[in-house]
Amino acid sequence: MKYEPNERLAGVVYPDPADVQRWHEAGALRDETLAEGFRSAARKHATRDAILWVGGKMTYAQLDEASDRVAAGLLDLGLAPLDRVIFQLSNTPETLIAYIACWKAGIIPICTLSAHREMEIGYLAKFGGAKAHFIESDTPKFDFHAFAQKIQGEVESLRLIISTRGTAGKGAVDLADLQTKREGVAEALAKVPRDPMQVGAFQLSGGTTGVPKIIPRLNSEYAYNMRSVFAFKGWSSEDRIFVPMPFAHNLNMGCGWGSMILSGGAVIATPQVDPASIRAVHNTLRPTVMGAAKPIVMRMKSEVLEGQIDISSLKEIFSTDAAETVTKTMGVPGHQIFGMTEGTCMFTREGDSEAIRYNTCGQPISEFDEVRILKPGTETDVPDGEIGEMVTRGPYTIRGYYNAEERNAEAFTSDGFYRSGDLMRRIREDGKAYYSFEGRIKDVVDRANEKVNCEEVERAVMAHPAFTDVAVVGMPCPTHGERICLFAVAPEGTALPSVKELGAFLKDAGLAIFKWPERIERIDALPLTKVGKLDKAPLRTLIAEMVHREAAGETMAE
């Protein structure tokens, strides 16, 4: 195996060749690109279903052939290996064809979301030097073709608009036309340089503020990430996975469809995640594995209990924080996941105790993942059981963000561990180390110089039977800096406890008094980011506005 890329892209931080050699010799990193990984699976599982959707399916052989033709067609359009392209697509079969085609052509997708708009797409296209913009032309609520034309007029490098679905607009290339190519396909793809240590995808950081940072994921390490999830979880080629989170998102690519597509399992594709679509997927396509954010799980729960959704085929549902709910109310084994686009991910799995499955995010998926828990802002390890910042390094964890020297200078320890910004606690059971997510370093309320971790308060409050979901944020206070506000979701008709009643409950639970919520605001649903994560920014804005109005003399709403 060659331990360095054939060509070093400016702005990409590549791993030390000595580390790559060590991981390769240990049996981790293979001499393999993502395209080669898929082709291997396609040969072995040619007649098996690769993609399923309501109303259709595609075998591995069909997906291999379709992506070959598209890959050669992209090269015919003048795109070349190492060119970057913007992907702004939903969860459809055509999206997976396009991703795999780019792997085969050596083209690097910039994995944006269909919900992104001018601020994100314009910035990322320019910053990444994108030469093509992949869109869908059959979306009724938004004209992506007009949007792509607008971006094209603002970003000099963008030459092509490629439509994957619907009728391509004027000047755009239709993906369906690329699939008709038959002559010279093998010859064109044979000329694409194979480079396991080159970038296979530009992923995005999952922050909720500002523009995302670009995260280079290399072919060999990303394939290792995908295969490690599959092996750690004990999935098989008989499994059908359904993750209603954007295909572009790292959780789905690295731990969902990517894991299946390199190993012979089936991927369920649906562009919609409304209740009717979720119902149709389960009742007709019968997924065996599901990964979902808690809000989707909570929406499903009532329909499952009413018999509208048949989940008898499911062997597990994994989420960041709903394992206990899934297990106890839906009768499906619930597991938890911790993942970061920058690398190291963790799961609970079959055989773990209930305490581990409900209260931790399990263990890293690779024996080569190195995890330390440090006192925040230092390089000093904290004892087991104590909360600190998780730092990590390993075969599939990044060495730097793309073209971000200033950020990279502060994002790593002196010995190369990535600083995640996540608060974790290491727990040991039967001699094994597990990790409990305790919140983000910045997800705190600064109350009279006491830093109150929001995640800790939320966990304590969620033990109260009145609540189905909660979020804790700081609200402005002239005397304390911030006080603690609780936004709460509860079933219709359920009375919320008063601040005093909740305080008595938390006192019995043993939570320090300065951590108790000092205000409770009912809300129909917690706001989410574009990838389905809790978004506290609107809640902070809302409570700040309420406090400002009240300070100006308005009457507080009951």
| Any donor-acceptor pair under 3.5 Å linking the side chain of E221 with the backbone of T397? | no
| field | Pair R299 + E303: basic N to acidic O under 4.0 Å | value | no
| field | Ionic contact status for K315 with E238, cut-off 4.0 Å | value | no
| request: Determine whether the side chains of S157 and R84 contain a donor N or O and an acceptor N or O closer than 3.5 Å. | output: no
| said: Looking at T59 and Q62, would you say the former's side chain and the latter's main chain have a donor-acceptor pair under 3.5 Å? | reply: yes
| M298 vs D469 side-chain heavy atoms within contact, under 4.5 Å | no
| field | Contact summary for M58 and W53, nearest pair of heavy atoms | value | N-CZ3, 3.8 Å
| message | Rounded at 0.5 Å granularity, tell me how far CG in L113 sits from CZ in R117. | response | 10.5 Å
| message | Between R240 and D49, does any side-chain N to carboxylate O distance fall below 4.0 Å? | response | no
| request: Could you tell me whether the side chain of S259 and the main chain of G254 form a donor-acceptor pair under 3.5 Å? | output: yes
| Test item: I161 and Q152 side chains (from C-beta on) under 4.5 Å apart, heavy atoms | yes
| remark: Heavy atoms of M475 and C485 approach each other most closely as SD-CB, 3.9 Å
| Can you tell me if CD on E306 sees more than 12 non-hydrogen neighbours from other groups inside 6.0 Å? | yes
| Is the side chain of K536 donor-acceptor paired with the backbone N or O of V472 at a distance under 3.5 Å, no angle test? | yes
| field | S90/E136 under side chain to side chain donor-acceptor pair (under 3.5 Å): CA gap, chis, key distance, verdict | value | CA-CA 8 Å; S90 63; E136 294 167 344; 2.9 Å; yes
| field | Separation between CE of M253 and CG of L96, rounded to the nearest 0.5 Å | value | 8.5 Å
| query | Of the non-hydrogen atoms in S237 and F230, which two are nearest, and what is the gap between them? | reply | N-CZ, 4.0 Å
| request: Quick one: sort the F127 and Y402 rings into parallel, tilted or perpendicular, breaks at 30° and 60°. | output: perpendicular
| Is any side-chain N of the basic residue among R519 and E521 closer than 4.0 Å to the acidic one's carboxylate O? | yes
| said: Would the distance check show the side chain of D443 and the main-chain N or O of C454 forming a donor-acceptor pair, the cut-off being under 3.5 Å? | reply: no
| request: For T288 and D239, run side chain to side chain donor-acceptor pair (under 3.5 Å): C-alpha distance rounded to whole Å, both residues' side-chain angles, the deciding distance at 0.1 Å, then the answer. | output: CA-CA 6 Å; T288 61; D239 280 313; 2.7 Å; yes
| said: If we check side-chain hydrogen bond (donor to acceptor under 3.5 Å, both in side chains) with D68, which of these qualifies: K104, K181, Q179? | reply: K104
| With side chains defined as the heavy atoms from C-beta onward, is the minimum distance between V243 and L251 less than 4.5 Å? | yes
| message | With a 4.5 Å cut-off on side-chain heavy atoms, are V332 and T327 touching? | response | no
| task | Working to the nearest 0.5 Å, report the span between OG1 of T270 and CZ of F242. | result | 6.0 Å
| task | Please check if the side chain of S277 supplies one atom and the backbone of V273 the other of a donor-acceptor pair under 3.5 Å. | result | no
| task | State whether E154 and K150 are salt-bridged, where the test is any N-O pair (Lys NZ or Arg NE/NH1/NH2 against Asp/Glu carboxylate O) under 4.0 Å. | result | yes
| Atom SG in C361, atom CD1 in I337: separation rounded to 0.5 Å? | 9.5 Å
| said: Within the structure provided, determine whether C102 and L74 are in side-chain contact (heavy-atom separation under 4.5 Å). | reply: yes
| Is the gap between the ring centers of F144 and H133 under 6.0 Å? | no
| request: Show your reasoning for whether salt bridge (charged side-chain N to carboxylate O under 4.0 Å, His left out) applies to E156 and K126. | output: CA-CA 8 Å; E156 185 177 353; K126 185 177 296 185; over 6 Å; no
| field | side chain to side chain contact (heavy atoms under 4.5 Å, CB included) assessment of I241 paired with V289 | value | CA-CA 5 Å; I241 196 166; V289 176; 4.0 Å; yes
| said: For the backbone of A280 and the side chain of N283, can you confirm whether one donor and one acceptor N or O come within less than 3.5 Å of each other? | reply: no
| task | Go through H335 and T348 one step at a time and tell me if the side chain to side chain donor-acceptor pair (under 3.5 Å) criterion holds. | result | CA-CA 5 Å; H335 291 275; T348 62; 3.2 Å; yes
| request: Carefully, step by step, assess Y224 and E32 under the rule side chain to side chain donor-acceptor pair (under 3.5 Å). | output: CA-CA 9 Å; Y224 175 67; E32 172 188 65; over 6 Å; no
| Close side-chain approach of R69 and T180, heavy atoms under 4.5 Å | no
| field | CG-CD distance between L158 and Q149, expressed to the nearest 0.5 angstrom | value | 12.0 Å
| Nearest heavy atoms of I107 and A80, plus distance in Å | CG1-O, 3.7 Å
| side chain to side chain donor-acceptor pair (under 3.5 Å) involving N225 - partner list, sequence neighbours excluded | R217
| task | Step by step, work out the side chain to side chain contact (heavy atoms under 4.5 Å, CB included) result for T167 and D138. | result | CA-CA 7 Å; T167 302; D138 63 345; over 6 Å; no
| request: Step by step, work out the side chain to side chain contact (heavy atoms under 4.5 Å, CB included) result for Y396 and L218. | output: CA-CA 8 Å; Y396 63 101; L218 310 185; over 6 Å; no
| message | I want to check something: taking the side chain as every heavy atom from C-beta on, are V461 and F467 in contact at a cut-off of under 4.5 Å? | response | yes
| field | E118-Y123 side chain donor-acceptor pair, cut-off 3.5 Å | value | no
| field | Criterion ring-ring contact (aromatic ring centres under 6.0 Å, His included) on F338 and F347, from CA distance to verdict | value | CA-CA 6 Å; F338 167 84; F347 275 94; over 10 Å; no
| task | Report the C-alpha distance between I543 and F487 in whole Å, list the side-chain angles of each, state the deciding distance to 0.1 Å, and finish with yes or no for side chain to side chain contact (heavy atoms under 4.5 Å, CB included). | result | CA-CA 9 Å; I543 191 61; F487 282 93; 4.0 Å; yes
| field | F247 and Y99 aromatic centres sub-6.0 Å | value | no
| request: Would you check if K294 and L526 make a side-chain contact, meaning some heavy-atom pair closer than 4.5 Å? | output: no
| message | Checking side chain to side chain contact (heavy atoms under 4.5 Å, CB included) between S205 and each of I215, N250, T341, which is the one that passes? | response | I215
| message | Donor-acceptor check, side chain of S67 to backbone of L63, threshold 3.5 angstrom: yes or no? | response | yes
| note | Correct closest heavy-atom pair for A471 and L539 would be CB-CD1, 3.7 Å
| task | Any chance you could measure F134, atom CZ, to I162, atom CD1, to the nearest 0.5 Å? | result | 3.5 Å
| said: Test your reading of the model: is there a side-chain donor-acceptor pair from S263 to the backbone of M260, 3.5 Å cut-off? | reply: no
| Counting distance only, does the side-chain N/O of R159 pair as donor-acceptor with the main-chain N or O of A132 below 3.5 Å? | no
| task | May I ask you to establish whether R349 and F232 are in a cation-pi arrangement, using a distance under 6.0 Å from NZ or CZ to the six-membered ring centre and at most 45° from the ring axis? | result | yes
